[in-house]
Amino acid sequence: MADWLALADRVLEGGEITDKEAEAILDCPDEELLLLLQGAYKIRRAYYGNKVKLNMIINAKSGLCPENCGYCSQSSISTAPVKTYKMVDKETLIRGAEEAYRMQVGTYCIVASGRGPSEKEIDTVVAAVQEIKERFGLKVCACLGILTPEQANRLKEAGVDRYNHNINTSKEHHPNITTSHTYDDRVRTVETVKQAGISPCSGVIIGMKETKRDVINMARSLKVLDADSIPVNFLHAIDGTPLAGTNELNPRYCLKVLALFRYINPTKEIRISGGREVNLRSLQPLGLYAANSIFVGDYLTTEGQEKSEDFKMLEDMGFEIDFANKEHAVQL
Ligand code: SF4
């Protein structure tokens with residue numbers, strides 16, 4: 001039996017895990033899963049205590065995307081019946097922030113479909129973010145696709161704290177998922193936002209027919225990219241997308257993936273993201289021994305569980321919501 005706690009101690013002392021150990025984590029026998037998670041929790045607790053950060057998404061622009069990402073219901077090749085609308089107005093973005101504030105959400109995520117934003121879309125986001133920061137003091141994450149350095153600078157000036165652009169999968173597997181842009185395009189945008197002084201958020205989608213080697217490469221690539229926040233999505237295959245019917249995951253494997261990301265990226269915010277409910281199912285709470293962040297509310301085009309269920313789960317586990325804005329003078 002592997003000594004998962006000794007491995008956690010090594011990570012806490014600044015050591016790295018080897019590829020062989022990374023493989024062993026993904027192949028961890030189910031009967032050792034609790035010990036593996038105990039090690040992951042030891043690392044997570046050292047940096048985040050028993051706090052859990054909440055994030056909430058507003059789907060600011062839906063569908064109508066010319067790209068061909070195989071997992072995405074909003075792509076040009078998807079036949080899934082998703083809502084399609086152009087960028088919502090500033091007031092709608094602000095109303096979403098108000099709801100996020102009421103829910104004690106630490107980061108409000110403004111997400112828009114598309115290859116990259118138009119100048120008009122940037123204008124709307126900039127105007128909304130300035131007011132959101134002033135009124136609610138919330139952390140704002142934008143996710144608007146491929147950015148130019150000028151656009152990144154404008155978002156930074158407006159007060160955007162974080163920018164999400166997922167690598168999604170490994171460099172090797174990326175051409176099997178999307179051909180309308182490259183893995184390097186994605187990395188470039190992450191580097192662009194870093195250059196602008198915005199905190200980089202970049203994550204993955206697990207369950208897209210990748211190998212375990214790909215999963216390890218993803219976790220290592222994000223370490224090299226130095227992403228501050230790492231959303232780990234588990235594929236919720238949607239009918240009408242090329243990946244429809246793909247169902248490779250089970251809850252125990254999802255937990256092993258989360259543990260791997262924690263052992264490789266010990267200090268980072270690791271967020272259990274899309275597909276949490278359908279893939280982790282009754283084991284969702286255990287995921288929080290490795291991850292320290294979740295989304296509340298709905299995802300982009302799929303529904304999350306009731307927010308009250310998430311709050312109950314955190315309370316039952318004795319975790320505390322990490323909400324730094326409690327004292328923000330806000331007129332609701
Ligand atoms: S993931 Fe983003 S870029 Fe890819 S198809 Fe969906 S909306 Fe477009």
Side-chain angles (χ1 to χ4, degrees), residues 8 11-12 16-17 22 25-26 36-37 39-41 43-48 51-57 71 105-109 111 139-143 161-171 173-174 177 183 186-194 198-208 210 212 214-236 249 253-276 279-280 284 286-296 299-300 322:
V11 168
L12 283 170
E16 302 233 339
I17 68 169
I25 289 175
L26 292 179
L36 174 70
L37 285 175
Y41 185 49
I43 302 169
R44 173 232 196 275
R45 207 179 53 222
Y47 296 105
Y48 295 98
K51 298 235 162 102
V52 175
K53 214 186 112 213
L54 305 182
N55 303 262
M56 201 178 101
I57 288 179
Y71 53 86
V105 162
T107 303
Y108 176 54
C109 308
V111 185
K139 246 192 184 176
V140 177
C141 178
C143 175
D161 301 278
R162 187 161 269 180
Y163 195 86
N164 165 263
H165 200 60
N166 290 337
I167 58 167
N168 286 328
T169 190
S170 70
K171 184 173 169 101
H173 192 48
H174 194 272
I177 301 300
Y183 178 89
R186 291 196 161 263
V187 167
R188 205 169 303 118
T189 287
V190 179
E191 295 294 356
T192 299
V193 301
K194 277 162 72 176
I198 299 177
S199 163
C201 169
S202 188
V204 297
I205 307 172
I206 304 295
M208 300 197 294
E210 71 282 344
K212 287 180 180 161
D214 288 314
V215 178
I216 296 166
N217 287 348
M218 293 176 217
R220 292 219 190 278
S221 299
L222 291 168
K223 187 179 180 75
V224 173
L225 260 181
D226 201 19
D228 292 330
S229 161
I230 302 178
V232 180
N233 297 277
F234 297 102
L235 182 71
H236 179 177
L249 303 174
Y253 179 69
C254 295
L255 292 173
K256 293 167 198 175
V257 169
L258 290 168
L260 176 78
F261 274 73
R262 177 58 69 199
Y263 279 85
I264 292 184
N265 295 280
T267 63
K268 303 302 187 177
E269 176 182 339
I270 294 176
R271 182 175 328 126
I272 319 174
S273 298
R276 164 165 62 99
N279 286 294
L280 279 157
Q284 283 185 66
L286 292 179
L288 284 170
Y289 288 119
N292 64 302
S293 177
I294 55 171
F295 280 112
V296 286
Y299 303 101
L300 284 175
D322 185 2

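Keep in mind that this is a model prediction, so the values were computed, not measured.
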As an exercise, state the distance from [atom1] of [X] to [atom2] of [Y], rounded to the nearest 0.5 Å.
X: L222; Y: N217; atom1: CG; atom2: CG; answer: 11.0 Å
X: I25; Y: L255; atom1: CD1; atom2: CG; answer: 13.0 Å
X: N164; Y: S202; atom1: CG; atom2: OG; answer: 7.0 Å
X: E16; Y: Y263; atom1: CD; atom2: OH; answer: 15.0 Å
X: N233; Y: C254; atom1: CG; atom2: SG; answer: 11.0 Å
X: L36; Y: L286; atom1: CG; atom2: CG; answer: 11.5 Å

Is there a side-chain contact between [X] and [Y], using heavy atoms and a 4.5 Å cut-off?
X: T107; Y: D161; result: no
X: V204; Y: N166; result: no
X: T189; Y: Y163; result: yes
X: E269; Y: N55; result: yes
X: I206; Y: M218; result: yes
X: M56; Y: L54; result: no
X: F261; Y: V215; result: yes
X: Y253; Y: K212; result: yes

- Going through the distances and angles, do H165 and V193 end up as a side-chain contact (heavy atoms from CB on, under 4.5 Å)? CA-CA 9 Å; H165 200 60; V193 301; over 6 Å; no
Donor-acceptor pair, side chain of [X] and main chain of [Y], under 3.5 angstrom:
X: R44; Y: L288; value: yes
X: R162; Y: C201; value: no
X: N292; Y: I270; value: yes

Taking all non-hydrogen atoms of both residues, which atom of [X] and which atom of [Y] are closest, and how far apart?
X: L26; Y: K256; value: O-CD, 3.6 Å
X: E210; Y: I205; value: OE1-O, 4.3 Å
X: Y48; Y: T267; value: OH-O, 2.5 Å
X: Y183; Y: T169; value: CE1-O, 3.4 Å
X: R220; Y: I17; value: NH2-O, 3.0 Å
X: V190; Y: P200; value: CG1-CB, 3.9 Å

Between K194 and E191 (salt bridge meaning N to carboxylate O under 4.0 Å), is one present in this structure?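 Salt bridge between K194 and E191, a charged N being under 4.0 Å from a carboxylate O: yes.
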Atom pairs and distances, donor-acceptor, side-chain atoms in residues 224-232, under 3.5 Å, two or more places apart:
residue	atom	partner	partner atom	Å
D226	OD1	K268	NZ	2.7
D228	OD2	S199	OG	2.7
S229	OG	R271	NH2	2.6

- Do we see a donor-acceptor contact under 3.5 Å between the side chains of Y71 and N168?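 Yes, because at least one side-chain N or O of Y71 sits under 3.5 Å from a partner of the opposite role on N168.
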Would you please test L280 and L258 for side-chain contact (heavy atoms from CB on, under 4.5 Å) and show each step?
-> CA-CA 11 Å; L280 279 157; L258 290 168; 4.3 Å; yes
